[in-house]
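As C-alpha cells, the structure follows; a few thoughts come after it.
Letters go in sequence order (proteins before strands), and every chain restarts at 1. Quantities reported herein were computed from a predicted structural model and do not represent experimental measurements.
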Amino acid sequence: MATLTPQAPSPASTAAPGRGGIWEWITTTDHKKIGILYGFSSILFFVVGGVEALFIRLQLAVPNGEILSADAYNQMFTMHATTMVFLVVMPIASAFANYFLPLQLGARDVAFPRLNAFSYWLYLAGALFLTVSFFVGGGADGGWFGYAPLSTQVTEVVRMDYWSLGLQVLGVASIASSVNFITTVLTMRAPGMTLMRMPVFSWMVFIISFLLLFSLPMVTVGLIQVFLDRNIGTLFFDAANGGDPVLWQHLFWLFGHPEVYVLILPAMGIVSEVLPTFARKPLFGRSFVIFSGIAIGFMGFGVWAHHMFTSGLGPVAEAAFALTTMFIAVPTGVKIFNWLGTIWGGSLELNTPMLFSLGFIFLFVIGGLSGVTHSIVPADSQQHDSYYVVAHFHYVLFGGAIFGIFSGIYYWFPKVFGKLLNERIGKVNFWLMFIGMNLTFAPMHVLGLNGMPRRTYRYAEGLGLDVWNLVATIGSLVLALGIAVFLYNGWRTFRKGEVAGPDPWDARTLEWTTSSPPPEHNFDRIPVVHHEDDFWHQKYTTDEEGRAVAIPADLRPVVAEGPDEDIHLPSPSYHPALAGLGIFVMLLGLVYVPWGLIAVGVGGIGFLWGMFGWSLEPLVRGDH
Amino acid sequence: MNGTERHEGRLRVGRRFFRRPTGRFVLFSIAASVLLAACTTDIPQNSLDPASPQARDIDNLWWLVFWIAVVVFVLVEVALVVAIVRFRRRRRGPEREVRQVHGNLRMEIMWTILPVVVLAVIAVPTVKTIFDLREAPTPEENALVVNVIGHQWWWEFEYPELGFSTAQEMYIPAGRSIYLNITSADVIHSFWTPRLHGKRDAVPGRVNNLTYFADEPGDYLGQCAEFCGLAHADMRHMVRAVSAGDFEVWAAKHASLPEIPEEGAVASGWETFNIICVACHVIGDVGPGVDLTVPVADRLPGGSGDYVLAPNLSYFAEREKFGGWTFENDTAHLQAWLADPSDLKPMTPELNDLEEGRVLGMPNFGLSPEDISNLTALLQSLE
Amino acid sequence: MTAMTTPDLAGPGGHHDVSEARKLAMWAFLGSEVLLFGSLITTFLLYRTRVGDGPSAAEIFDIPFTSISSFILLMSSLTMVLGHHSWERKDWRQMRVWLLATAGLGMIFLAGQVFEFTEFVHEGLTVSTSPFGSAFFVLTGFHGLHVAVGVMMLMATAIMGFTGKLREDGGMNVGLVGLYWHFVDVVWIVIFTVVYLLAV
Amino acid sequence: MTEAAHPPHPTPRDYWLIAVVLAVITAAEVAVAYIGVDVVKVPLLFAMAFAKFVIVVGWYMHLRYEKKAYRRLFYLGLIAAPILFGVVLFSFGVLIGS
Ligand code: HEA
Ligand code: HEA
Ligand code: CUA
Ligand SMILES: [Cu+2]
C-alpha cells in the first residue's frame with residue numbers, strides 16, 4: 001500500500017511512532033486505518049460471496065444442473081447470503097462510517113478508539129470463523145435465516161454451530177461499534193456542529209447504530225437458543241416436546257427486518273452526499289431526508305412479521321403487519337422524491353459516483369415497489385419463498401446497497417488514497433454492472449410468478465423456467481465482468497492513478513477540507529461550524545437569484561479556527577487484536593466440546609489478557 | 001441564452017430518448033416480460049393462471065397492485081430519466097452555477113400525502129381478502145377434510161373421514177371445498193399449489209388451515225416452498241382434481257386392502273417387503289401405520305409414532321411419479337431407486353434414527369438384483 | 001430520537017470529556033441489554049406453563065429462599081452506591097470496603113443460585129426436561145452470568161484501587177461498574193416477579 | 001452544559017433510606033404473592049416491581065440526575081421492549097390465554 005506513506009507528523013502530535021508494516025496495522029487505533037481494514041476485508045469477502053453466487057447461477061443455468069450437489073448448493077446459498085449481508089455490506093458501511101464519521105463531524109477520532117479496533121478484530125474473527133467452516137465439515141447449510149428446527153436438527157453435524165457462533169460474534173462486534181458511533185455523534189461533534197447541521201451520511205450511521213443496538217439482542221438470544229438446542233439439549237424449538245419453532249422466526253425477524261434498513265440506510269446516506277455534490281445544489285428538503293430516515297428506523301421495528309405471512313399468524317396480525325409494511329413506503333418515497341428534487345434544476349456531472357447514485361435510485365424504486373407487492377398478504381402467499389422474493393431483495397440489496405456503496409467508493413476513494421479512480425474504466429464498470437444486474441435479477445420476478453421456489457438446487461424441464469434462468473445466469477456473468485473491471489480499476493489506480501487534491505469534486509462537507517489522505521490527526525485545528533454543508537459556505541456565497549458565486553480564495557474564511565491545542569492521539573495497542581484472536585480460538589473450541597474446551601481455555605486466557613491489558617494501559621501513552 | 005430556453009432544449013432530448021433504439025428496447029423488454037409472465041397458460045406452476053376461486057381472488061388483488069405499482073414506477077423513473085437528460089452538464093468549460101434551492105414545504109407535503117392515499121386504496125381490498133381467504137368452509141359446503149403432512153422430503157395426505165392415507169398425489173373431487181389441515185412431522189415445510197392457492201407453512205406442532213376448491217378436474221402441480229434441507233428441491237406433489245364420481249371410485253379402492261398374489265415375483269417381492277421395507281413403509285394394513293382417528297392437532301411430531309415414517313405404498317402403481325413426485329414411476333427408475341436411493345435423490349439415511357422418529361432418507365439396503373426386480377414387480381402390481 | 005436535535009448537545013469540540021462519553025456509552029449498552037433480557041423473559045413467558053412430564057414452577061420453587069437471595073442482591077445495590085459515593089469523594093479506603101462488600105453479596109447470590117439449580121436438578125428439572133426448564137435455566141443462568149461478570153469487574157476495580165492503578169479516566173471505573181451492577185440488579189427485580197412470584 | 005434543573009445528589013443517608021423502602025416493597029411483594037386475590041395479584045406485583053425498578057434506576061443509577069441524552073438512550077430500549085414483545089406474545093395467544 002504504497003500510497004499510504006505516513007504524513008509528515010504534525011508538530012503538535014504526540015502520538016508514538018508506529019513500528020511500521022503489518023504490526024502497525026495490527027496495533028492501530030486510528031479510525032482511518034481501521035476503516036481501511038474494514039474496507040479491504042469486505043471487498044475480499046465480496047469476491048468470496050460473489051463467487052458463491054456464480055456457482056449458484058451456473059448450477060441453475062439449465063434444468064437439472066449438475067455442477068453442484070444438493071449439499072454443496074445448500075451451503076452455497078447459505079454462505080452466499082451470510083457473507084454478503086454480514087461480511088460485506090455491513091462492514092463496508094462500517095468502513096465508511098469509521099473513516100468519515102469523525103472527519104464529517106470535525107473530530108480527531110471516534111469516542112473509543114481501542115473499542116473500535118476491537119470491533120474490527122472481532123468482526124474478522126467471526127468472518128474467518130464462518131469461512132473456515134467450509135474446510136472443516138462444511139459450510140452452514142440452513143439458509144441465511146436458519147429456521148428452526150431445521151437448524152437444530154441433526155446435532156452431530158457441526159455446520160450450524162459454526163453459523164450460530166459466528167453470527168453471535170459478529171453481532172457483538174456490531175453492538176460495540178454502534179455504541180461507539182452513537183457516543184461519537186453525541187459527544188465529539190466540532191463546535192457549532194448541531195445535529196441538524198450534521199452531514200446526512202453521518203445521520204444515517206447514527207440511525208443504523210440505534211437499529212443495531214436494539215435489534216441485535218433479539219437475534220443474539222435466538223442464536224444462543226439454537227446453539228443450546230443443538231449442544232446441551234434444551235427444547236426451545238423442539239415441537240415434539242412442547243417447544244415452538246415460530247419463536248425463532250419472531251426473534252430472527254425482529255432483528256432481520258431492522259437489519260435490512262441497516263443495509264440500505266448508509267447507502268442512502270452516501271447517495272445524499274453524492275447527488276448534491278455533482279448536481280451542484282444543496283440536498284433538497286434536507287431535514288425531510290433526515291427525518292424520513294428516522295421514521296424508517298422507527299417503522300422498521302414494526303414490520304418484522306411480514307416475513308412470516310405464510311406461517312399462520314392469524315388474519316388480525318397479518319392485516320396489521322400488512323398495513324405497517326406498506327406504509328413504510330411513505331418515508332422511503334420522501335427520500336426518493338427529495339433526491340429527484342435535488343437533481344432537478346441542477347447541473348449534473350455524470351461521472352462514475354454520480355452514475356452509481358442515479359442507478360441506485362432507478363433500481364431501488366423497482367425493489368421497493370416489489371416490496372410493496374409483498375406486503376399484500378394474499379399476493380405474498382404466492383410470492384413468498386419464490387424467486388419473486390429473490391428478485392425483490394436483490395434489487396434493494398444489489399441495486400440499492402451495493403450501488404450506493406460503489407458510489408461511495410468512487411466518491412471517497414481519492415480522499416482515502418489520494419488518487420482518483422479512472423473515469424473511463426469507471427463508466428464501463430457502471431454500465432456492465434447496471435446491465436448485468438437487470439439481466440440477472442429482472443427475470444427472477446417472472447421465475448417466481450411462474451412458480452419457482454427459492455433454495456432449490458435443481459428444477460425440472462417444462463415448467464417455463466428454462467429461458468429465464470439462462471438469462472439470469474448470463475446476466476450474472478456480465479455482472480461478474482463489471483466487478484472484475486472495478487477490481488482492475490482499483491489495482492491500476494494504486495499503481496498509476498491520477499493524484500487527487502484535497503477537494504477534487506468541489507464538495508460540501510468537512511472531510512474535504514483536509515489533505516488527501518488526511519493527516520493522522522485529521523485537522524490541525526478543530527473547525528468551528530457555522531452552516532450545514534459548512535465547507536461549501538466557505539467557498540461560495542449566493543447572488544440575489546440564489547445562484548452560487550465562488551468566493552475568491554484570498555477572501556475565504558480561515559478553514560479551521562478552533563483552539564490551538566496539544567493533539568493527543570490514541571497510542572497503538574495490540575490488546576484489542578489479542579482479545580479478538582482469543583475469541584477466535586474460543587469459538588473453534590466451542591464447536592468441538594468436550595476436547596475443544598482446551599482451546600476455549602487457551603483462547604479465554606488470550607481474551608482476558610487482551611481485556612485486562614487494554615483496561616490498564618492508558619489511552620495515550622506518555623500521558624500523565 | 002436564459003434558463004428556460006436551455007431547459008426546453010433538454011426536454012426535447014428527453015423525448016427523443018424513447019424514440020431511440022435503446023429507449024425502445026427498455027420499454028419493450030419491460031412490456032415483454034410482463035406479458036410473458038401473465039399470458040402463458042401451459043406453465044404448470046404459474047401463480048397467475050388461477051384455477052380456483054381462492055387463487056382468482058389473489059390474482060385479482062395482484063393485478064390491481066401490479067398496475068398501481070407500474071404507474072408509480074413509470075412516473076418516478078420517467079421523472080428521473082428526464083431530470084438526468086435535461087439537467088446533465090454538457091460540455092467541459094467554465095462552471096455555470098445553478099440556483100441553490102433548499103426545499104419546498106408544499107411539495108414535501110404533497111409527496112407525503114399522495115403515497116398515503118395510494119396505499120390506503122390498496123389497503124382496503126388487501127385487508128378484505130386476507131379475512132375472506134381465512135374463512136373456513138361452512139357445514140353446508142360439506143368440505144372434505146385432508147390432512148397434509150410434510151416429511152423430509154415428501155408429502156403425506158391423510159383422508160381421516162375416509163380412513164386411509166396416501167402420498168405424493170393428492171386426489172380431490174373438483175367442485176367441492178377441501179379443508180386442509182397442514183402440519184409437519186419434522187421441520188418446517190410449506191404446501192404450495194400455485195394454481196389453486198397461495199402457500200401455507202407446515203409447522204411441526206401446529207396445524208395451519210387452507211381451503212382448496214378446484215373449479216375443474218385437472219392436474220395441479222405443486223412444490224414444497226420452505227427450505228427443509230437436502231432434498232427440498234425434490235419435494236413436489238401433484239393435486240389431481242377428478243369428478244365427484246371418479247373420486248368415489250378412487251376412495252373406495254383406497255379404503256380396501258390391495259390384493260397380493262400368492263406366488264411369482266410379486267409374492268417374493270412381498271416377502272422381501274415384509275422383512276426389510278416394513279420397518280418404515282405401509283402396504284394395506286401391514287407396516288407401522290398410524291391411527292387416523294386421532295385428530296392431527298393432537299399428534300406430536302417426532303418419535304411418538306404419531307406419524308408414519310415413510311410413504312404409504314398401498315396403491316403405488318397409480319402414481320405417475322415417486323420420490324417426492326420427482327421420478328417417473330417406471331421400471332428403470334424404480335430399480336435405480338432400490339439399488340441406491342441416495343444416488344437418485346439426495347438424502348442422508350446415515351443420519352436416520354428410527355427411535356427418535358428421524359428419517360432423512362431411505363437407506364441403501366444392498367438389495368440383490370433379484371430382490372430389486374421382485375420388489376419392482378410388487379410395486380407395479382399395486383394398481 | 002427527534003428531540004435529540006436540541007442544541008444542548010452541540011459538540012463540545014476537540015476536548016471531549018472521556019468519562020462522560022463512557023457513561024453515555026454504558027447507558028446505550030444497557031438500553032440494548034434491556035432487549036436482550038426482554039427476549040429471554042419473553043421466551044420464558046411463552047414457555048412457563050409448558051412443563052411436559054416434568055415438575056411445574058409451583059412444584060419446585062422455594063419462594064422464601066429466593067426472596068432472601070433476591071433481598072441480598074437488592075442490598076448489594078446499596079453497598080454499590082455507597083462505594084460509588086466514596087469513589088466520588090476519592091475516599092479510596094472506604095470505596096474498597098464497599099466494593100468488596102458488593103462483590104461479596106454478589107457471590108452469595110451466585111452461591112444461592114448454584115444451590116437452587118442443583119436442588120432443581122435433583123427434583124427432576126433440567127434444561128431438557130421441558131421448554132419451561134430450558135427457558136428457566138437459560139434466563140436465570142444468563143442473569144447469573146451477568147452477575148459473575150459484575151463480580152469480576154468489582155474485584156478488578158477494587159484491586160486496582162489497592163495498587164493505585166485506578167484513575168478517574170481509567171478504562172474501567174467505579175461509575176461504569178456501578179451502572180452495570182445496578183442494571184443487573186434491576187433485571188433481577190423483574191425476573192423475581194415474572195419468574196418466581198407469578199408462579200405462586 | 002449545566003442543566004439548571006438538577007436536583008442535588010442524594011446523600012448516603014438517602015441511600016440507606018431508599019434501601020429500607022426497597023426492602024419493604026420486597027416484603028410486600030412476597031406477601032401479596034401468597035395472599036393476594038388472583039384478579040389484583042398480577043397487576044399489583046407488576047406495579048411493585050415497576051416501583052422498585054424506577055427507584056433503583058432513578059436514584060441508585062442517578063438517571064434522574066443525568067443528561068437528557070442518557071435517559072433517552074435507555075428509554076428507547078425500555079419502551080421498545082414491552083411493545084415488541086407484547087406483540088410477539090399476543091401472536092402466540094399468551095396474553096389473552098393466561
Ligand atoms: C436493503 C434491503 C431491503 C429493503 C430496503 C427492503 C424494503 C422493503 N421490503 Fe424487503 N426484503 C429484503 C430486503 C429489503 N427490503 C430481504 C433481504 C428480504 C428477504 C429475506 C429472505 O427471505 O431471505 C425481503 C423480504 C421482504 C418481504 C417478505 C417477502 C416474503 O418472504 O414473502 C416483504 C413483505 O412485505 C418485504 C417488504 C419490503 C417493503 C415494503 C420495503 C419498503 O421499505 C420499500 C419502500 C420503497 C418504495 C416503495 C419505493 C420508493 C417509494 C416511492 C417511489 C413512493 C411511492 C410508492 C408507493 C405509493 C407504493 N421485503
Ligand atoms: C447484499 C447482499 C447480496 C448480494 C450483493 C447478492 C449478490 C448476488 N446474488 Fe444473492 N442472495 C442474498 C444476498 C445478496 N446477493 C441473500 C440474502 C440471499 C438469500 C439466501 C437464502 O435463501 O438463504 C441470496 C440468494 C441468492 C440466490 C437464490 C439462491 C436460492 O434461493 O437458491 C441467487 C440465485 O441466483 C443469488 C444470486 C446472486 C448474484 C448472481 C449476485 C451477484 O450480484 C454477485 C455479484 C458478484 C460477483 C459476480 C463477484 C465478482 C467477482 C469476481 C468475478 C472476481 C473475479 C476474480 C478476480 C478477477 C480475482 N443470490
Ligand atoms: Cu419440504 Cu422444502
Ligand atoms: Cu422485511
Side-chain angles (χ1 to χ4, degrees), chain A residues 70 143 147 149-150 153-154 239-240 245 280-282 284-285 288 310-312 315 318-319 322-323 326-327 329-330 333-334 337 340 343-350 358 361-362 365 369 373 376-379 381-382 384-385 446 449-451 453 455-458 463-464 542 545-548, chain B residues 33 37 40 43-48 58 61-62 65 69 72-73 76-77 79-80 83-84 87-89 97-100 102-103 108 111-112 115-116 119 123 126-127 129-131 133-134 187-188 190 194 198-201 203-205 208 223 225-227 229-230 232-233 300-302 346 351:
Chain A
Y147 271 9
L150 182 64
Q153 205 186 28
V154 194
R280 304 197 63 74
K281 259 182 86 212
F284 195 88
F288 288 91
T310 63
S311 70
E318 283 167 8
L323 294 182
M326 56 176 79
F327 282 101
V330 175
V334 167
F337 296 130
L340 290 179
I343 57 173
W344 197 268
S347 166
L348 311 183
E349 179 170 347
L350 295 181
L358 295 169
I361 302 178
F362 189 92
V365 168
L369 289 173
T373 64
I376 313 301
V377 179
S381 71
Q382 294 284 18
H384 175 69
D385 271 338
V446 183
L449 295 172
N450 279 359
R455 301 171 162 183
T456 45
Y457 78 102
R458 64 178 170 188
L463 297 178
T542 48
E545 279 181 75
R547 288 178 201 283
Chain B
S33 27
T40 26
I43 294 172
Q45 293 187 161
N46 188 348
S47 64
L48 303 182
I58 297 174
L61 190 58
W62 152 263
V65 177
V72 176
F73 168 82
V76 176
E77 305 292 27
L80 176 69
I84 293 172
F87 298 109
R88 74 178 192 278
R89 208 179 299 162
E97 293 299 347
V98 295
R99 281 189 49 212
Q100 302 291 301
H102 285 266
E108 301 287 349
W111 61 49
T112 308
V116 171
L119 291 168
T126 301
V127 173
T129 315
I130 291 175
F131 281 89
L133 289 176
R134 280 290 139 268
V187 302
I188 301 178
S190 194
K199 56 187 77 64
R200 195 112 279 241
D201 291 358
V203 184
N208 281 328
Q223 189 156 2
E226 182 61 64
F227 180 59
L230 207 52
H232 160 65
L300 283 177
L351 296 172

**Request:** Please state whether the side chain, the backbone, both or neither of B:Val203 comes within less than 4.5 Å of a heavy atom of chain A.
**Result:** side chain
**Prompt:** Which pair of non-hydrogen atoms, one from A:Pro378 and one from B:Ile130, has the smallest distance, and what is that distance?
**Reply:** CD-CG1, 3.8 Å
**Message:** Please determine whether side-chain contact (heavy atoms from CB on, under 4.5 Å) holds for the pair A:Leu350 and B:Arg89, giving the CA-CA distance in whole Å, both sets of side-chain angles, and the decisive distance to 0.1 Å.
**Reply:** CA-CA 7 Å; A:Leu350 295 181; B:Arg89 208 179 299 162; over 6 Å; no
**Fill in**
Counting heavy-atom pairs under 4.5 angstrom with chain A, the leader among B:Leu119, B:Val65, B:Ile58 is B:Leu119
**Prompt:** What part of B:Leu133 lies closer than 4.5 angstrom to a heavy atom of chain A: side chain, backbone, both or neither?
**Reply:** side chain
**Prompt:** Highest number of heavy-atom pairs under 4.5 Å with chain A: which of B:Thr126, B:Thr129, B:Val127?
**Reply:** B:Thr126
**Message:** Below 30° counts as parallel, above 60° as perpendicular, anything between as tilted: where do the rings of B:Trp111 and A:Phe284 land?
**Reply:** tilted
**Fill in**
Bottom line for B:Arg99: the part with an atom under 4.5 Å from chain A's heavy atoms is both
**Item:** Note, B:Trp62 side chain near A:Ile376 side chain (heavy atom, < 4.5 Å)
**Value:** no
**Item:** Choice from B:Val76, B:Val187, B:Leu351, B:Leu61 maximising heavy atom contacts with chain A below 4.5 Å
**Value:** B:Val187
**Complete:** Under 4.5 Å to a heavy atom of chain A? For B:Gln223 that would be side chain
**Asked** Is it the backbone or the side chain of B:Glu226 that comes under 4.5 Å from a heavy atom of chain A, or both, or neither?
**Response** both
**Message:** I'd like to verify something: which residue of B:Leu80, B:Ile188, B:Val72 has the highest number of heavy-atom pairs under 4.5 Å with chain A?
**Reply:** B:Leu80
**Prompt:** Please walk me through it: do A:Thr310 and B:Asp201 pass side-chain hydrogen bond (donor to acceptor under 3.5 Å, both in side chains)?
**Reply:** CA-CA 6 Å; A:Thr310 63; B:Asp201 291 358; 2.8 Å; yes
**Item:** Residue pair A:Ser381 / B:Arg200, side-chain heavy-atom distance below 4.5 Å
**Value:** no
